[in-house]
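Here's the structure we're looking at; comments come further down.
Lettering of chains follows the sequences in order, A, B, ..., and the numbering in each one begins at 1.
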Protein chains: 2
Amino acid sequence: MSASRAPAGGASAGGARAAGASGSGAGPPAGGPRAPDKRRLILDAAVRVFARQGFHACRVSDIADEAGVAYGLVYHYFASKDEVLDTLFIERWEVMLQLIRDVDSEPLPVREKLGAIAAFIIDSYSHDPDLMKVIIVEVTRAANSFGDTHIGTIREAYELIGAIVEKAQADGYFKPEIEARFAAMAFYGVIEQLLTGWIFDLLPQGEEELQRAKWVVIETVCGGLETNAVSDGTTAGNRLLR
Amino acid sequence: MSASRAPAGGASAGGARAAGASGSGAGPPAGGPRAPDKRRLILDAAVRVFARQGFHACRVSDIADEAGVAYGLVYHYFASKDEVLDTLFIERWEVMLQLIRDVDSEPLPVREKLGAIAAFIIDSYSHDPDLMKVIIVEVTRAANSFGDTHIGTIREAYELIGAIVEKAQADGYFKPEIEARFAAMAFYGVIEQLLTGWIFDLLPQGEEELQRAKWVVIETVCGGLETNAVSDGTTAGNRLLR
DNA sequence: AGTTGTTGACTGACCAGTCAATCTATTCGG
DNA sequence: CCGAATAGATTGACTGGTCAGTCAACAACT
(Lines give C-alpha, C1' and ligand atoms only; values in the text may rest on other atoms or scores of the structure.)
Protein backbone atom coordinates (compact mmCIF):
# COMPACT_ATOMS: atom_id res chain seq x y z
CA MET A 1 0.00 0.00 0.00
CA SER A 2 3.00 2.26 0.34
CA ALA A 3 4.13 4.71 -2.29
CA SER A 4 5.35 2.15 -4.80
CA ARG A 5 7.83 3.27 -7.39
CA ALA A 6 5.97 4.58 -10.34
CA PRO A 7 8.13 4.79 -13.42
CA ALA A 8 9.47 7.97 -14.89
CA GLY A 9 8.29 8.47 -18.42
CA GLY A 10 11.01 10.71 -19.75
CA ALA A 11 14.52 9.26 -19.38
CA SER A 12 15.86 7.20 -22.22
CA ALA A 13 17.05 4.07 -20.42
CA GLY A 14 17.46 0.98 -22.57
CA GLY A 15 15.56 0.63 -25.79
CA ALA A 16 16.68 -1.74 -28.51
CA ARG A 17 18.50 0.08 -31.26
CA ALA A 18 17.50 -0.78 -34.77
CA ALA A 19 19.63 -1.67 -37.71
CA GLY A 20 21.27 1.20 -39.56
CA ALA A 21 22.94 3.61 -37.12
CA SER A 22 25.95 1.93 -35.64
CA GLY A 23 25.89 4.18 -32.60
CA SER A 24 29.57 4.71 -31.70
CA GLY A 25 28.88 4.16 -28.04
CA ALA A 26 28.37 7.32 -26.03
CA GLY A 27 24.92 8.81 -25.92
CA PRO A 28 24.31 12.56 -25.88
CA PRO A 29 27.13 14.62 -24.25
CA ALA A 30 25.33 15.17 -21.00
CA GLY A 31 22.17 13.34 -20.10
CA GLY A 32 20.64 16.53 -18.79
CA PRO A 33 17.00 17.45 -19.33
CA ARG A 34 18.06 20.07 -21.85
CA ALA A 35 18.82 17.93 -24.91
CA PRO A 36 16.02 17.90 -27.46
CA ASP A 37 16.50 14.16 -27.89
CA LYS A 38 14.39 13.73 -30.98
CA ARG A 39 14.29 9.99 -30.53
CA ARG A 40 12.43 10.32 -27.26
CA LEU A 41 10.26 13.01 -28.78
CA ILE A 42 9.19 10.61 -31.50
CA LEU A 43 8.57 7.81 -29.05
CA ASP A 44 6.40 9.99 -26.85
CA ALA A 45 4.51 11.35 -29.82
CA ALA A 46 3.94 7.82 -31.03
CA VAL A 47 2.34 6.90 -27.72
CA ARG A 48 -0.15 9.70 -28.09
CA VAL A 49 -0.93 8.90 -31.69
CA PHE A 50 -1.20 5.15 -31.18
CA ALA A 51 -3.46 5.69 -28.20
CA ARG A 52 -5.66 8.10 -30.10
CA GLN A 53 -5.95 6.37 -33.46
CA GLY A 54 -4.58 2.89 -32.96
CA PHE A 55 -1.46 1.49 -34.53
CA HIS A 56 -3.04 0.34 -37.76
CA ALA A 57 -5.16 3.40 -38.32
CA CYS A 58 -2.36 5.91 -37.93
CA ARG A 59 0.22 6.86 -40.51
CA VAL A 60 3.89 7.40 -39.89
CA SER A 61 3.38 10.98 -40.92
CA ASP A 62 0.94 11.37 -38.03
CA ILE A 63 3.71 10.44 -35.64
CA ALA A 64 6.16 12.82 -37.27
CA ASP A 65 3.62 15.64 -37.21
CA GLU A 66 2.76 15.00 -33.59
CA ALA A 67 6.44 15.05 -32.71
CA GLY A 68 7.04 18.14 -34.80
CA VAL A 69 9.80 16.53 -36.84
CA ALA A 70 10.20 15.62 -40.47
CA TYR A 71 8.81 12.39 -41.80
CA GLY A 72 12.20 10.97 -42.64
CA LEU A 73 13.55 11.43 -39.15
CA VAL A 74 11.37 8.66 -37.86
CA TYR A 75 13.29 6.34 -40.15
CA HIS A 76 16.57 7.76 -38.97
CA TYR A 77 15.89 6.47 -35.49
CA PHE A 78 13.72 3.47 -36.22
CA ALA A 79 13.92 0.86 -38.91
CA SER A 80 10.18 0.67 -39.34
CA LYS A 81 6.84 1.71 -37.94
CA ASP A 82 6.71 -1.63 -36.17
CA GLU A 83 9.96 -0.95 -34.42
CA VAL A 84 8.54 2.15 -32.80
CA LEU A 85 5.82 0.11 -31.15
CA ASP A 86 8.23 -2.69 -30.31
CA THR A 87 10.49 -0.23 -28.55
CA LEU A 88 7.68 1.24 -26.50
CA PHE A 89 6.57 -2.18 -25.41
CA ILE A 90 9.99 -3.57 -24.56
CA GLU A 91 11.03 -0.47 -22.67
CA ARG A 92 8.01 -0.63 -20.44
CA TRP A 93 7.59 -4.35 -20.05
CA GLU A 94 11.20 -4.74 -18.99
CA VAL A 95 10.62 -2.36 -16.12
CA MET A 96 7.63 -4.35 -15.00
CA LEU A 97 9.49 -7.62 -15.30
CA GLN A 98 12.26 -6.21 -13.13
CA LEU A 99 9.78 -5.08 -10.52
CA ILE A 100 8.21 -8.52 -10.39
CA ARG A 101 11.60 -10.13 -9.99
CA ASP A 102 12.51 -7.72 -7.20
CA VAL A 103 9.25 -8.27 -5.41
CA ASP A 104 9.57 -11.99 -5.77
CA SER A 105 13.01 -12.08 -4.20
CA GLU A 106 11.93 -10.20 -1.11
CA PRO A 107 10.56 -12.07 1.88
CA LEU A 108 7.04 -10.68 1.93
CA PRO A 109 3.64 -12.25 2.43
CA VAL A 110 1.87 -13.10 -0.82
CA ARG A 111 -0.73 -10.46 -0.43
CA GLU A 112 1.94 -7.83 -0.34
CA LYS A 113 3.84 -9.29 -3.26
CA LEU A 114 0.79 -9.44 -5.48
CA GLY A 115 -0.32 -6.13 -4.07
CA ALA A 116 2.92 -4.52 -5.16
CA ILE A 117 2.53 -5.89 -8.66
CA ALA A 118 -1.06 -4.76 -8.95
CA ALA A 119 -0.08 -1.38 -7.57
CA PHE A 120 2.72 -1.03 -10.07
CA ILE A 121 0.52 -1.74 -13.03
CA ILE A 122 -2.28 0.45 -11.84
CA ASP A 123 0.14 3.25 -10.98
CA SER A 124 1.64 2.90 -14.43
CA TYR A 125 -1.78 3.43 -15.89
CA SER A 126 -2.40 6.33 -13.58
CA HIS A 127 0.91 7.89 -14.58
CA ASP A 128 0.63 7.38 -18.34
CA PRO A 129 -2.72 5.99 -19.46
CA ASP A 130 -1.87 6.36 -23.12
CA LEU A 131 1.22 4.22 -22.89
CA MET A 132 -0.56 1.49 -21.01
CA LYS A 133 -3.43 1.60 -23.43
CA VAL A 134 -1.06 1.14 -26.34
CA ILE A 135 0.82 -1.70 -24.71
CA ILE A 136 -2.29 -3.58 -23.74
CA VAL A 137 -4.40 -2.96 -26.78
CA GLU A 138 -1.75 -3.12 -29.47
CA VAL A 139 0.69 -5.67 -28.09
CA THR A 140 -0.40 -7.71 -25.11
CA ARG A 141 -3.71 -8.61 -26.66
CA ALA A 142 -2.84 -8.71 -30.31
CA ALA A 143 -2.65 -12.44 -30.84
CA ASN A 144 -1.49 -11.97 -34.38
CA SER A 145 1.28 -9.55 -35.27
CA PHE A 146 2.76 -7.96 -32.18
CA GLY A 147 1.48 -10.26 -29.52
CA ASP A 148 3.14 -13.10 -31.35
CA THR A 149 6.43 -11.27 -31.57
CA HIS A 150 6.63 -10.57 -27.88
CA ILE A 151 4.91 -13.64 -26.59
CA GLY A 152 8.11 -14.84 -24.93
CA THR A 153 8.49 -11.69 -22.89
CA ILE A 154 4.84 -11.63 -22.00
CA ARG A 155 4.93 -15.23 -20.92
CA GLU A 156 7.82 -14.47 -18.60
CA ALA A 157 5.62 -12.16 -16.57
CA TYR A 158 2.95 -14.81 -16.19
CA GLU A 159 5.54 -17.34 -15.16
CA LEU A 160 7.05 -15.08 -12.55
CA ILE A 161 3.64 -14.43 -11.07
CA GLY A 162 2.93 -18.14 -11.24
CA ALA A 163 6.08 -18.79 -9.26
CA ILE A 164 4.93 -16.40 -6.55
CA VAL A 165 1.64 -18.22 -6.32
CA GLU A 166 3.37 -21.58 -6.22
CA LYS A 167 5.51 -20.48 -3.34
CA ALA A 168 2.44 -19.29 -1.50
CA GLN A 169 0.86 -22.66 -2.04
CA ALA A 170 3.93 -24.44 -0.74
CA ASP A 171 3.83 -22.26 2.35
CA GLY A 172 0.20 -23.10 2.92
CA TYR A 173 -1.20 -19.62 2.35
CA PHE A 174 -2.87 -20.51 -0.93
CA LYS A 175 -4.83 -23.65 -1.55
CA PRO A 176 -3.09 -26.12 -3.82
CA GLU A 177 -6.14 -27.22 -5.82
CA ILE A 178 -5.99 -24.24 -8.13
CA GLU A 179 -3.03 -24.61 -10.43
CA ALA A 180 -0.55 -21.79 -10.04
CA ARG A 181 -0.53 -21.11 -13.77
CA PHE A 182 -4.28 -20.61 -13.73
CA ALA A 183 -4.13 -18.45 -10.67
CA ALA A 184 -1.47 -16.26 -12.26
CA MET A 185 -3.61 -15.77 -15.35
CA ALA A 186 -6.62 -14.98 -13.21
CA PHE A 187 -4.69 -12.41 -11.23
CA TYR A 188 -3.30 -10.72 -14.28
CA GLY A 189 -6.63 -10.98 -16.07
CA VAL A 190 -8.44 -9.09 -13.36
CA ILE A 191 -5.94 -6.25 -13.51
CA GLU A 192 -5.94 -6.03 -17.26
CA GLN A 193 -9.70 -6.04 -17.37
CA LEU A 194 -9.84 -3.16 -14.94
CA LEU A 195 -7.47 -1.21 -17.15
CA THR A 196 -9.67 -2.11 -20.09
CA GLY A 197 -12.62 -0.80 -18.16
CA TRP A 198 -10.88 2.50 -17.67
CA ILE A 199 -9.61 2.64 -21.21
CA PHE A 200 -13.09 2.06 -22.63
CA ASP A 201 -14.58 4.36 -20.05
CA LEU A 202 -16.69 1.56 -18.61
CA LEU A 203 -15.46 2.27 -15.11
CA PRO A 204 -15.05 5.60 -13.34
CA GLN A 205 -11.41 6.52 -13.18
CA GLY A 206 -10.78 9.13 -10.54
CA GLU A 207 -7.51 8.84 -8.67
CA GLU A 208 -9.50 7.52 -5.75
CA GLU A 209 -10.99 4.70 -7.81
CA LEU A 210 -7.60 3.68 -9.07
CA GLN A 211 -6.23 3.48 -5.56
CA ARG A 212 -9.22 1.56 -4.37
CA ALA A 213 -8.90 -0.81 -7.29
CA LYS A 214 -5.59 -2.07 -5.95
CA TRP A 215 -7.36 -3.26 -2.86
CA VAL A 216 -10.20 -4.77 -4.84
CA VAL A 217 -7.86 -6.82 -6.98
CA ILE A 218 -6.09 -8.31 -4.02
CA GLU A 219 -9.23 -8.83 -2.03
CA THR A 220 -10.98 -10.58 -4.89
CA VAL A 221 -8.21 -12.77 -6.14
CA CYS A 222 -6.43 -13.59 -2.91
CA GLY A 223 -9.75 -14.12 -1.21
CA GLY A 224 -10.45 -16.89 -3.66
CA LEU A 225 -7.02 -18.43 -3.51
CA GLU A 226 -6.37 -18.39 0.19
CA THR A 227 -6.85 -21.41 2.38
CA ASN A 228 -9.60 -19.83 4.40
CA ALA A 229 -11.08 -22.92 5.91
CA VAL A 230 -14.23 -23.85 4.03
CA SER A 231 -13.14 -27.45 3.69
CA ASP A 232 -11.48 -27.79 7.07
CA GLY A 233 -13.38 -26.77 10.18
CA THR A 234 -11.04 -24.13 11.52
CA THR A 235 -11.78 -20.48 11.12
CA ALA A 236 -8.06 -19.89 10.94
CA GLY A 237 -7.37 -18.26 7.63
CA ASN A 238 -3.88 -17.38 6.63
CA ARG A 239 -4.64 -14.26 8.53
CA LEU A 240 -3.64 -15.99 11.71
CA LEU A 241 -0.67 -17.80 10.28
CA ARG A 242 0.88 -14.72 8.96
CA MET B 1 -22.26 -27.72 -14.35
CA SER B 2 -24.78 -29.58 -16.49
CA ALA B 3 -24.54 -29.93 -20.23
CA SER B 4 -25.03 -26.23 -20.95
CA ARG B 5 -26.25 -25.34 -24.36
CA ALA B 6 -23.31 -24.91 -26.61
CA PRO B 7 -24.16 -22.98 -29.73
CA ALA B 8 -24.46 -24.53 -33.13
CA GLY B 9 -22.04 -23.01 -35.54
CA GLY B 10 -23.68 -23.87 -38.82
CA ALA B 11 -27.27 -22.72 -39.08
CA SER B 12 -27.96 -19.27 -40.35
CA ALA B 13 -30.19 -17.91 -37.59
CA GLY B 14 -30.36 -14.14 -37.41
CA GLY B 15 -27.51 -12.16 -38.80
CA ALA B 16 -27.91 -8.60 -39.92
CA ARG B 17 -28.42 -8.48 -43.65
CA ALA B 18 -26.41 -5.96 -45.54
CA ALA B 19 -27.58 -3.38 -47.99
CA GLY B 20 -28.33 -4.53 -51.49
CA ALA B 21 -30.43 -7.67 -51.72
CA SER B 22 -34.02 -6.88 -50.93
CA GLY B 23 -34.82 -10.53 -50.28
CA SER B 24 -38.31 -11.11 -51.60
CA GLY B 25 -39.25 -13.01 -48.51
CA ALA B 26 -38.64 -16.71 -48.73
CA GLY B 27 -35.11 -17.93 -48.28
CA PRO B 28 -33.83 -21.00 -50.07
CA PRO B 29 -36.57 -23.51 -51.04
CA ALA B 30 -35.95 -25.85 -48.14
CA GLY B 31 -33.74 -24.94 -45.21
CA GLY B 32 -32.19 -28.37 -45.38
CA PRO B 33 -28.48 -29.00 -44.98
CA ARG B 34 -28.16 -29.23 -48.74
CA ALA B 35 -28.22 -25.57 -49.71
CA PRO B 36 -24.77 -24.17 -50.47
CA ASP B 37 -25.59 -20.88 -48.72
CA LYS B 38 -22.61 -18.93 -49.91
CA ARG B 39 -23.16 -16.24 -47.35
CA ARG B 40 -22.56 -18.64 -44.51
CA LEU B 41 -19.68 -20.15 -46.42
CA ILE B 42 -18.02 -16.75 -46.58
CA LEU B 43 -18.67 -16.05 -42.92
CA ASP B 44 -17.16 -19.35 -41.84
CA ALA B 45 -14.18 -18.88 -44.11
CA ALA B 46 -13.67 -15.41 -42.69
CA VAL B 47 -13.48 -16.83 -39.19
CA ARG B 48 -10.68 -19.14 -40.21
CA VAL B 49 -8.80 -16.45 -42.07
CA PHE B 50 -9.21 -13.81 -39.38
CA ALA B 51 -8.09 -16.27 -36.73
CA ARG B 52 -5.07 -17.31 -38.75
CA GLN B 53 -3.86 -13.97 -40.05
CA GLY B 54 -5.72 -11.35 -38.13
CA PHE B 55 -8.27 -8.94 -39.54
CA HIS B 56 -5.81 -6.30 -40.64
CA ALA B 57 -3.24 -8.65 -42.10
CA CYS B 58 -5.66 -10.53 -44.31
CA ARG B 59 -7.00 -9.46 -47.66
CA VAL B 60 -10.56 -9.84 -48.83
CA SER B 61 -9.25 -12.14 -51.52
CA ASP B 62 -7.97 -14.46 -48.79
CA ILE B 63 -11.50 -14.81 -47.50
CA ALA B 64 -12.88 -15.42 -50.96
CA ASP B 65 -10.19 -18.01 -51.67
CA GLU B 66 -10.74 -19.76 -48.38
CA ALA B 67 -14.46 -19.88 -49.08
CA GLY B 68 -13.87 -21.01 -52.63
CA VAL B 69 -15.91 -18.19 -54.14
CA ALA B 70 -15.08 -15.26 -56.35
CA TYR B 71 -13.75 -12.06 -54.91
CA GLY B 72 -16.78 -10.04 -55.88
CA LEU B 73 -19.22 -12.33 -54.14
CA VAL B 74 -18.03 -11.15 -50.77
CA TYR B 75 -19.28 -7.71 -51.74
CA HIS B 76 -22.55 -9.14 -52.93
CA TYR B 77 -23.35 -10.28 -49.41
CA PHE B 78 -21.46 -7.72 -47.36
CA ALA B 79 -21.03 -4.04 -47.84
CA SER B 80 -17.42 -4.08 -46.70
CA LYS B 81 -14.69 -6.12 -45.10
CA ASP B 82 -15.63 -4.53 -41.80
CA GLU B 83 -19.18 -5.73 -42.11
CA VAL B 84 -18.03 -9.32 -42.26
CA LEU B 85 -16.36 -9.00 -38.89
CA ASP B 86 -19.24 -6.98 -37.48
CA THR B 87 -21.65 -9.71 -38.48
CA LEU B 88 -19.58 -12.42 -36.84
CA PHE B 89 -19.36 -10.47 -33.63
CA ILE B 90 -22.99 -9.47 -33.41
CA GLU B 91 -24.24 -12.93 -34.24
CA ARG B 92 -22.24 -14.49 -31.45
CA TRP B 93 -22.45 -11.80 -28.83
CA GLU B 94 -26.21 -11.67 -29.11
CA VAL B 95 -26.39 -15.34 -28.22
CA MET B 96 -24.27 -14.77 -25.16
CA LEU B 97 -26.29 -11.77 -24.11
CA GLN B 98 -29.44 -13.83 -24.35
CA LEU B 99 -27.92 -16.57 -22.25
CA ILE B 100 -26.94 -14.12 -19.56
CA ARG B 101 -30.43 -12.65 -19.53
CA ASP B 102 -31.97 -16.10 -19.26
CA VAL B 103 -29.63 -17.12 -16.49
CA ASP B 104 -30.28 -13.91 -14.65
CA SER B 105 -34.02 -14.35 -14.69
CA GLU B 106 -33.90 -17.80 -13.17
CA PRO B 107 -33.92 -18.26 -9.39
CA LEU B 108 -30.50 -19.81 -8.94
CA PRO B 109 -27.70 -19.28 -6.45
CA VAL B 110 -25.01 -16.88 -7.67
CA ARG B 111 -22.40 -19.54 -8.03
CA GLU B 112 -24.60 -21.36 -10.47
CA LYS B 113 -25.51 -18.24 -12.38
CA LEU B 114 -21.92 -17.18 -12.83
CA GLY B 115 -20.97 -20.78 -13.37
CA ALA B 116 -23.40 -21.03 -16.26
CA ILE B 117 -21.97 -17.91 -17.86
CA ALA B 118 -18.39 -19.07 -17.46
CA ALA B 119 -19.37 -22.48 -18.80
CA PHE B 120 -21.04 -20.95 -21.81
CA ILE B 121 -18.05 -18.87 -22.76
CA ILE B 122 -15.59 -21.67 -22.21
CA ASP B 123 -17.78 -24.11 -24.11
CA SER B 124 -18.03 -21.61 -26.92
CA TYR B 125 -14.27 -21.56 -27.08
CA SER B 126 -14.13 -25.32 -26.92
CA HIS B 127 -16.66 -25.58 -29.73
CA ASP B 128 -15.14 -22.99 -32.04
CA PRO B 129 -11.81 -21.61 -30.86
CA ASP B 130 -11.26 -19.64 -34.04
CA LEU B 131 -14.48 -17.71 -33.69
CA MET B 132 -13.84 -16.85 -30.08
CA LYS B 133 -10.31 -15.84 -30.87
CA VAL B 134 -11.54 -13.48 -33.54
CA ILE B 135 -14.22 -11.96 -31.35
CA ILE B 136 -11.90 -11.40 -28.43
CA VAL B 137 -8.79 -10.36 -30.25
CA GLU B 138 -10.32 -8.31 -33.04
CA VAL B 139 -13.38 -6.81 -31.41
CA THR B 140 -13.69 -7.07 -27.66
CA ARG B 141 -10.18 -5.84 -27.07
CA ALA B 142 -9.71 -3.49 -29.96
CA ALA B 143 -10.15 -0.21 -28.19
CA ASN B 144 -9.93 1.67 -31.45
CA SER B 145 -11.88 0.59 -34.51
CA PHE B 146 -14.15 -2.32 -33.74
CA GLY B 147 -14.17 -2.22 -29.99
CA ASP B 148 -15.41 1.32 -30.25
CA THR B 149 -18.18 0.39 -32.64
CA HIS B 150 -19.57 -2.34 -30.45
CA ILE B 151 -18.80 -0.86 -27.08
CA GLY B 152 -22.49 -0.49 -26.30
CA THR B 153 -23.19 -4.16 -26.82
CA ILE B 154 -20.10 -5.18 -24.92
CA ARG B 155 -21.01 -2.93 -22.04
CA GLU B 156 -24.41 -4.56 -21.85
CA ALA B 157 -22.80 -7.88 -20.95
CA TYR B 158 -20.80 -6.30 -18.17
CA GLU B 159 -23.87 -4.59 -16.84
CA LEU B 160 -25.92 -7.75 -16.82
CA ILE B 161 -23.19 -9.55 -14.92
CA GLY B 162 -22.93 -6.59 -12.59
CA ALA B 163 -26.63 -6.87 -11.90
CA ILE B 164 -26.23 -10.50 -10.94
CA VAL B 165 -23.48 -9.58 -8.52
CA GLU B 166 -25.53 -6.77 -7.08
CA LYS B 167 -28.40 -9.09 -6.40
CA ALA B 168 -26.07 -11.49 -4.68
CA GLN B 169 -24.83 -8.67 -2.52
CA ALA B 170 -28.36 -7.65 -1.63
CA ASP B 171 -29.08 -11.22 -0.63
CA GLY B 172 -26.01 -11.33 1.56
CA TYR B 173 -24.10 -13.93 -0.39
CA PHE B 174 -21.49 -11.50 -1.65
CA LYS B 175 -19.83 -8.86 0.45
CA PRO B 176 -20.93 -5.35 -0.35
CA GLU B 177 -17.54 -3.65 -0.05
CA ILE B 178 -16.50 -4.64 -3.55
CA GLU B 179 -18.48 -2.62 -6.04
CA ALA B 180 -20.57 -4.82 -8.30
CA ARG B 181 -19.18 -3.16 -11.41
CA PHE B 182 -15.65 -4.01 -10.37
CA ALA B 183 -16.61 -7.54 -9.49
CA ALA B 184 -18.24 -8.02 -12.86
CA MET B 185 -15.12 -6.84 -14.64
CA ALA B 186 -12.99 -9.10 -12.50
CA PHE B 187 -15.17 -12.09 -13.27
CA TYR B 188 -15.17 -11.46 -16.97
CA GLY B 189 -11.49 -10.59 -16.93
CA VAL B 190 -10.53 -13.92 -15.45
CA ILE B 191 -12.44 -15.79 -18.12
CA GLU B 192 -11.09 -13.73 -20.96
CA GLN B 193 -7.57 -14.12 -19.72
CA LEU B 194 -7.95 -17.87 -19.62
CA LEU B 195 -9.12 -17.82 -23.22
CA THR B 196 -6.16 -15.63 -24.02
CA GLY B 197 -3.92 -18.18 -22.37
CA TRP B 198 -5.32 -20.89 -24.58
CA ILE B 199 -5.22 -18.75 -27.68
CA PHE B 200 -1.58 -17.87 -27.12
CA ASP B 201 -0.82 -21.41 -26.08
CA LEU B 202 0.28 -20.30 -22.64
CA LEU B 203 -2.02 -22.77 -20.97
CA PRO B 204 -2.61 -26.41 -21.82
CA GLN B 205 -5.94 -26.81 -23.54
CA GLY B 206 -7.12 -30.37 -23.39
CA GLU B 207 -10.85 -30.85 -23.04
CA GLU B 208 -10.21 -31.78 -19.44
CA GLU B 209 -8.43 -28.50 -18.72
CA LEU B 210 -11.26 -26.51 -20.24
CA GLN B 211 -13.80 -28.27 -18.06
CA ARG B 212 -11.69 -27.81 -15.00
CA ALA B 213 -11.23 -24.14 -15.82
CA LYS B 214 -14.92 -23.54 -15.28
CA TRP B 215 -14.54 -24.63 -11.72
CA VAL B 216 -11.38 -22.60 -11.23
CA VAL B 217 -13.04 -19.42 -12.42
CA ILE B 218 -15.91 -19.78 -10.01
CA GLU B 219 -13.76 -20.93 -7.14
CA THR B 220 -11.34 -18.07 -7.56
CA VAL B 221 -13.74 -15.23 -8.14
CA CYS B 222 -16.63 -16.27 -5.94
CA GLY B 223 -14.22 -17.27 -3.21
CA GLY B 224 -13.04 -13.71 -3.10
CA LEU B 225 -16.47 -12.15 -3.29
CA GLU B 226 -18.39 -14.28 -0.86
CA THR B 227 -19.09 -13.24 2.68
CA ASN B 228 -17.06 -16.04 4.16
CA ALA B 229 -16.61 -14.72 7.61
CA VAL B 230 -13.13 -13.27 7.95
CA SER B 231 -14.44 -10.17 9.63
CA ASP B 232 -17.18 -11.82 11.63
CA GLY B 233 -16.34 -14.83 13.71
CA THR B 234 -18.71 -17.38 12.24
CA THR B 235 -17.51 -20.10 9.95
CA ALA B 236 -20.82 -19.89 8.19
CA GLY B 237 -20.08 -19.12 4.60
CA ASN B 238 -22.82 -18.71 2.09
CA ARG B 239 -22.60 -22.44 1.94
CA LEU B 240 -24.82 -22.68 4.97
CA LEU B 241 -27.21 -19.95 3.99
CA ARG B 242 -27.85 -21.45 0.66
C1' DA C 1 36.39 17.38 -44.35
C1' DG C 2 33.89 14.34 -42.16
C1' DT C 3 30.13 12.71 -39.40
C1' DT C 4 25.71 12.72 -37.69
C1' DG C 5 21.10 14.93 -37.73
C1' DT C 6 17.28 16.54 -40.47
C1' DT C 7 14.30 17.41 -44.35
C1' DG C 8 10.26 16.20 -47.42
C1' DA C 9 9.22 14.90 -52.20
C1' DC C 10 8.87 10.73 -54.45
C1' DT C 11 8.01 5.70 -55.59
C1' DG C 12 6.42 1.24 -55.64
C1' DA C 13 3.41 -2.01 -53.73
C1' DC C 14 -0.62 -3.22 -52.02
C1' DC C 15 -5.54 -3.79 -51.60
C1' DA C 16 -10.49 -2.38 -50.71
C1' DG C 17 -14.05 -1.66 -53.37
C1' DT C 18 -16.33 -1.26 -58.35
C1' DC C 19 -18.51 -2.93 -62.33
C1' DA C 20 -19.73 -4.92 -66.64
C1' DA C 21 -20.24 -9.34 -68.15
C1' DT C 22 -21.75 -14.11 -67.54
C1' DC C 23 -24.32 -17.74 -65.46
C1' DT C 24 -28.43 -19.95 -63.20
C1' DA C 25 -32.98 -20.28 -61.62
C1' DT C 26 -37.65 -19.01 -61.61
C1' DT C 27 -41.68 -17.10 -63.77
C1' DC C 28 -44.99 -16.55 -67.30
C1' DG C 29 -47.18 -15.89 -71.98
C1' DG C 30 -48.59 -18.56 -75.56
C1' DC D 1 -44.92 -27.84 -72.11
C1' DC D 2 -41.60 -24.61 -74.25
C1' DG D 3 -38.85 -20.58 -74.88
C1' DA D 4 -38.45 -15.74 -73.74
C1' DA D 5 -37.99 -12.51 -70.01
C1' DT D 6 -36.60 -11.09 -65.58
C1' DA D 7 -33.97 -11.18 -61.44
C1' DG D 8 -30.71 -12.65 -58.61
C1' DA D 9 -26.06 -14.99 -58.07
C1' DT D 10 -21.38 -15.21 -59.47
C1' DT D 11 -17.22 -13.95 -61.72
C1' DG D 12 -12.58 -11.57 -61.81
C1' DA D 13 -10.09 -7.78 -64.15
C1' DC D 14 -9.50 -3.20 -63.12
C1' DT D 15 -9.14 1.41 -60.64
C1' DG D 16 -8.10 4.80 -57.33
C1' DG D 17 -6.23 5.99 -53.23
C1' DT D 18 -3.31 5.20 -49.52
C1' DC D 19 1.05 4.81 -47.19
C1' DA D 20 5.44 2.54 -45.68
C1' DG D 21 9.78 3.14 -46.77
C1' DT D 22 13.71 5.47 -49.81
C1' DC D 23 16.88 8.86 -51.00
C1' DA D 24 19.43 12.82 -52.36
C1' DA D 25 20.27 17.02 -50.56
C1' DC D 26 21.04 20.26 -46.98
C1' DA D 27 22.29 21.73 -42.00
C1' DA D 28 24.82 21.59 -37.84
C1' DC D 29 28.26 20.27 -35.18
C1' DT D 30 33.18 18.62 -34.43
So, A:D86 and A:H150: side-chain donor and acceptor under 3.5 Å apart, yes or no?
yes
Spacing of A:L73 atom CG relative to D:dG21 atom C1', expressed in whole Å:
14 Å
Centroid-centroid under 6.0 Å between B:Y158 and B:Y188 rings
yes
Tell me whether the side-chain N/O atoms of A:Y75 come closer than 4.0 Å to OP1 or OP2 in D:dG21.
yes
Please check if any side-chain donor atom of A:E83 sits under 3.5 Å from a side-chain acceptor atom of A:Y77, or the reverse.
no
Round to a whole Å and report the spacing from CZ of B:F55 to C1' of C:dC15.
12 Å
Chi angles and distances behind the side-chain hydrogen bond (donor to acceptor under 3.5 Å, both in side chains) call for A:Q211, A:E207
CA-CA 6 Å; A:Q211 295 314 313; A:E207 189 55 36; 2.6 Å; yes
Roughly how many Å is it from CG in A:L41 to P in C:dG5, rounded to a whole number?
15 Å
Along DNA chain D (nearest heavy atom to each residue), the more 5'-positioned of A:G72 and A:A57
A:A57
Separation of atom CD1 in B:I63 from atom C1' in D:dG12, rounded to whole Å
16 Å
Can you tell me how far C1' of D:dT18 sits from NE2 of B:H56, to the nearest Å?
15 Å
Could you state the atom-to-atom distance from NE2 of A:H76 to C1' of D:dC26 in whole Å?
14 Å
Just the rounded figure in Å: distance from C1' of C:dA16 to OH of B:Y77.
20 Å
Take atom OH of B:Y71 and atom P of C:dA20, then tell me their distance rounded to the nearest Å.
17 Å
Side chain of B:A70 - closest among C:dA16, D:dT11, D:dC19:
D:dT11
Among C:dG8, D:dT10, C:dG17, the nucleotide that comes nearest once only the side chain of B:K38 is considered:
D:dT10
